[in-house]
Amino acid sequence: MFDNQYEQQKIEKSLTLKNELKSFPYKQNSKRDTTTKEFLEKNKYLFDKEGRRNEDEKFTIAGRVKLYRVMGKASFLKIEDESGILQAYISRDNLTDGYYNIIKKLIDIGDFVEIIGYGFITQKDEITIYADNIEIITKSICTLPEKFHGITDKELRYRQRYLDLIMNEGSKNIFKTRSKIITEIRNFFNDMGCMEVETPMMHDIAGGANAKPFITHHNALGVDKYLRIAPELYLKRLIVGGFESVFEINRNFRNEGMDATHNPEFTMIEFYLAYKNYNDLMKITESLISFLLEKLNKKDIITYQEEEINMQTPFKRIKYIDSLYEIGGLDKNIINDKDAIIGALKKKDIDVNEKLSLGYIQAEAFDVFVEDKLRNPTFVTDFPVEISPLARRNDDDDSIVDRFELFIAGKEIANGFNELNDPLDQYERFKSQVDAKELGDGEAHDMDDDYVKALGFGMPPTAGEGIGIDRLVMLLTDAHSIRDVLLFPSMKPQQPTI
RNA sequence: GACCCGUUAGCUCAGUUGGUAGAGCAUCUCCCUUUUAAGGAGAGGGCCGUUGGUUCAAGCCCAACACGGGUCACCA
């Protein structure tokens with residue numbers, strides 16, 4: 001650790017600071033009173049002032065040295081804090097007794113310094129702090145990446161995100177936007193009177209979605225637990241309990257492949273509203289997205305990966321079955337003919353499990369022929385009942401459910417439906433999920449007796465929805481990969497390189 | 001899981017038909033008191049991803065593996 005030549009040199013400097021200057025290289029009790037941004041604002045007036053400086057007004061700033069230019073008896077530094085970046089000027093004549101010649105050799109790019117000084121304007125018209133004193137308050141040991149190209153290696157950016165954040169302004173902005181989006185989503189639901197709740201992350205039965213779970217173990221109880229794949233069944237238990245509108249923003253864990261839109265842990269908001277239906281949810285979803293665009297100062301037309309997406313509401317709505325021929329281009333006459341769809345899939349070299357029922361085969365066809373073509377926001381509605389084990393059947397057609405999914409730029413962003421609250425029907429649906437599992441659907445639900453029992457006590461008519469926050473952030477920050485919107489995306493372990 | 005691409009100094013990258021490893025930034029020494037990726041002079045810094053193979057000789061050719069990226073598949 002810390003054994004390359006650069007690190008050794010910096011450790012030497014750190015020891016010099018400590019032993020010869022009696023200046024501990026890792027100080028506490030900073031006296032910073034001004035951020036770099038505030039400094040720049042407060043000293044703008046100097047452009048109009050005689051002499052373009054004011055030696056009487058002192059400021060203390062602190063931050064990381066990003067650039068360092070030594071010119072003999074004077075030096076310029078760029079000091080960065082969270083608010084921005086500020087140029088500092090230190091000169092031999094303004095520091096005490098030869099201190100300049102010592103400190104200038106001990107400062108490295110990457111160190112945190114604290115500077116007391118006053119504002120002045122340089123010959124090139126840059127507001128700068130003229131240092132009366134400078135101290136290294138945190139000595140860096142490791143060398144920062146090159147100042148011009150920064151860090152471009154994606155593996156390094158993901159594994160050492162702190163370096164990415166130090167070097168890449170764009171990356172920092174993505175995470176600021178992400179935080180803003182989550183705050184505003186929270187505000188949106190709070191303003192609706194919806195209550196934020198927390199439900200278990202460790203489940204005895206991995207329910208609420210079709211996915212393979214992570215398994216962990218509880219030693220004291222001697223039982224295996226599953227990291228949750230969705231909070232749905234717990235949130236609906238709360239509706240049974242009498243809360244009429246609840247939401248939860250938190251992580252889900254799914255033990256599946258990773259790619260540009262899938263990370264094993266990802267963030268969802270799920271919300272459940274009693275006495276609302278799935279049409280209400282679509283309207284709420286539209287107003288949420290409009291609200292976010294407004295808060296982010298974005299227009300209705302956004303650019304995602306060089307493609308224009310029209311986010312204007314209301315979003316397009318199309319029935320699932322209709323989308324198969326209207327968008328997917330399948331022959332209208334074959335969409336209820338299982339064998340014919342299988343034939344169409346086979347033409348595209350898609351392997352299908354022929355034992356599955358029509359609804360599953362249609363779902364496969366949707367994935368293959370339709371999903372990618374949904375570029376502008378589109379609600380796909382009225383899904384087959386087989387692939388919607390927790391959704392309420394349509395009153396006129398019991399083979400479909402009152403459910404929608406929202407697709408934008410070919411990706412699923414949201415999924416909502418009228419909640420199934422008939423305990424007997426729910427029991428039967430779980431049973432057919434168990435059957436599907438035996439037929440080879442590794443992601444089908446297990447039976448959840450307690451949940452069925454909860455419904456037995458009565459859940460009022462309810463609609464619920466989940467929105468994938470990461471994908472929404474990708475869309476709104478023009479990020480190509482989910483890893484670009486996760487601070488610490490999942491990566492394979494690697495031998496330590498330090 | 002399949003295919004393609006990548007892996008060389010702290011970082012960003014060159015590296016010819018196979019013949020003793022290169023640049024810029026960064027670092028160290030020296031010069032330089034208003035610079036803007038500051039400038040000038042000099043120096044140090046390498047398990048060329050790992051392991052095998054071919055060859056008199058491998059950063060370069062071959063194979064396997066590791067990690068990453070991309071495309072597809074799987075997956076809500």
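A, B, ... follow the sequence lines: proteins, then strands. Residue 1 opens every chain.
No donor-acceptor pair closer than 3.5 Å links the side chain of A:Asn263 to the backbone N or O of A:Met258. Under the 3.5 Å distance criterion, the side-chain polar atoms of A:Thr285 are matched with a main-chain donor or acceptor of A:Leu281. A distance-only check finds a donor-acceptor pair linking the side chain of A:Gln305 to the backbone of A:Asp478 [under 3.5 Å].
Residue-to-nucleotide contacts include no donor-acceptor pair under 3.5 Å from the side chain of A:Arg69 to the base of B:rA26. Put simply, the side chain of A:Tyr89 and the base of B:rU35 share no donor and acceptor less than 3.5 Å apart. Put simply, the side chain of A:Glu126 and the base of B:rU36 share a donor and an acceptor less than 3.5 Å apart.
Taking the C1' atom of each, B:rC48 and B:rU34 are spaced 44 Å apart, rounded to whole Å. Atom name C1', nucleotides B:rA9 and B:rC65: the rounded distance is 25 Å, in whole Å. Taking atom P in both B:rU8 and B:rU16, one finds a spacing of 16 Å when rounded to whole Å. To the nearest whole angstrom, the two P atoms, one in B:rU7 and one in B:rG49, are 8 Å apart. A distance of about 23 Å separates the P atoms of B:rC13 and B:rU17, rounded to the whole Å. Comparing the C1' positions of B:rA21 and B:rG46 gives a spacing of 8 Å, expressed to the nearest Å. If you take atom P in B:rU71 and the same atom in B:rA58, they sit 38 Å apart, rounded to whole Å. Atom P of B:rC25 sits at a distance of 36 Å from the matching atom of B:rC67, rounded to the whole Å.
Of all nucleotides listed (B:rA38, B:rG70, B:rC67), B:rA38 comes nearest to the side chain of A:Lys147. Among the nucleotides B:rA76, B:rC67, B:rU33, the one closest to any side-chain atom of A:Arg92 is B:rU33. Of the candidates B:rU33, B:rG68, B:rC25, the closest approach to any side-chain atom of A:Asp93 belongs to B:rU33. For A:Lys154, taking side-chain heavy atoms from C-beta onward, the closest of the listed nucleotides B:rA76, B:rG69, B:rU33 is B:rG69. When distances are taken from the side chain of A:Phe383 to each of B:rA76, B:rG70, B:rC74, the shortest belongs to B:rA76.
Not counting sequence neighbours, the partners of A:Arg52 by the salt bridge (charged side-chain N to carboxylate O under 4.0 Å, His left out) test are A:Asp125. Residues satisfying the side chain to side chain donor-acceptor pair (under 3.5 Å) criterion with A:Asn173, sequence neighbours excluded, are absent altogether. Listed by chain and number, the residues in a salt bridge (charged side-chain N to carboxylate O under 4.0 Å, His left out) with A:Glu135 amount to none (sequence neighbours excluded). Partners of A:Arg178 under the salt bridge (charged side-chain N to carboxylate O under 4.0 Å, His left out) rule, at least two apart in sequence or in another chain, are A:Asp470.
Summary of the strand contacts: A:Arg53 and A:His262 both lie near RNA chain B, and taking for each the nucleotide with the nearest heavy atom, the more 5' one is attributed to A:Arg53. Each of A:Tyr68 and A:Phe76 lies near RNA chain B, and the nucleotide nearest A:Phe76 is the one positioned closer to the 5' end.
Annotation: salt bridge (charged side-chain N to carboxylate O under 4.0 Å, His left out) contacts involving residues 252-270 of chain A, sequence neighbours excluded, comprise A:Arg251-A:Glu265. Pairs passing the ring pair (Phe, Tyr, Trp, His ring centres under 6.0 Å) check and including a residue from residues 67-109 of chain A, sequence neighbours excluded, read A:Phe76-A:Tyr89, A:Tyr89-A:Phe120, A:Tyr89-A:Tyr130.
When rounded to the nearest whole Å, the span between CZ of A:Phe417 and C1' of B:rA76 equals 11 Å. With rounding to whole Å, A:Asn255 atom CG is found 16 Å from B:rG1 atom C1'. The separation between A:Tyr360 atom OH and B:rC75 atom P is 12 Å, rounded to whole Å. One interatomic measurement links the two molecules: NZ of A:Lys411 to C1' of B:rC74, which rounds to 12 Å at whole-angstrom precision. In this structure, the CG atom of A:Leu46 is 15 Å from the C1' atom of B:rU34, given to the nearest Å. Taking atom OH of A:Tyr118 as the reference point, atom C1' of B:rU34 lies 12 Å away to the nearest angstrom. For the pair A:Phe404 CZ and B:rA76 C1', the computed distance is 14 Å after rounding to whole Å. Straight-line distance from the NZ atom of A:Lys66 to the C1' atom of B:rA38: 18 Å, rounded to whole Å.
Across residues 468-489 of chain A, A:His480, A:Arg483 each have a non-hydrogen atom less than 4.0 Å from an atom of RNA chain B (numbered order).
Shown here, B:rC61 forms a base pair with B:rG53; the pair counts as Watson-Crick or G-U wobble because both key distances fall under 3.5 Å. Nucleotide B:rC47 forms no Watson-Crick or G-U wobble pair with any nucleotide shown, as no partner meets the under 3.5 Å limit on both distances. Pairing of B:rG1, defined by two Watson-Crick or G-U wobble distances under 3.5 Å, is identified with B:rC72. Of all nucleotides present, only B:rU12 satisfies the Watson-Crick or G-U wobble test against B:rA23, with each distance under 3.5 Å. Figure legend. B:rU7 is base-paired to B:rA66; pairs are counted as Watson-Crick or G-U wobble with both atom distances under 3.5 Å. Base pairing analysis places B:rG18 opposite nothing; no Watson-Crick or G-U wobble pair with both distances below 3.5 Å involves it.
Within 4.0 Å (heavy atoms only), A:Gln8 reaches no atom of the nucleic acid at all. Using a 4.0 Å heavy-atom cutoff across all strands shown, A:Glu371 reaches no nucleic acid atom at all. Residue contacts for A:Asn210: at a heavy-atom cut-off of 4.0 Å it reaches the sugar-phosphate backbone alone, with no base atom in range. When heavy atoms are screened at a 4.0 angstrom cut-off, A:Lys104 is found touching no nucleic acid atom at all.
Considering only side-chain N and O atoms, A:Lys124 lies under 4.0 angstrom from the phosphate OP1 or OP2 of B:rU36. Contact annotation: A:Lys492 side-chain N/O to B:rC67 OP1/OP2 distance is under 4.0 Å.
The existence of a salt bridge linking A:Asp382 and A:Arg403 is excluded, since no basic side-chain nitrogen approaches an acidic carboxylate oxygen closer than 4.0 Å. Between A:Arg393 and A:Asp402, none of the side-chain N atoms (NZ, or NE/NH1/NH2) sits under 4.0 Å from a carboxylate O, so this pair counts as no salt bridge.
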Handout entry: Contact state string [nucleotides 3-13 of chain B, B base, S sugar-phosphate only, - no protein heavy atom under 4.0 Å]
Key = -------BBSS

Distance-only check: which donor-acceptor pairs under 3.5 Å involve side-chain atoms of residues 479-489 of chain A, not counting sequence neighbours?
residue  : atom : partner  : partner atom : Å
A:Ser481 : OG   : A:Arg483 : N            : 3.0
A:Asp484 : OD1  : A:Tyr158 : OH           : 2.8
A:Asp484 : OD2  : A:Ser481 : N            : 3.4

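Paired with A:Tyr320 under the rule ring-ring contact (aromatic ring centres under 6.0 Å, His included), one option of A:Phe404, A:Phe366, A:Tyr325 passes, and it is A:Phe366.
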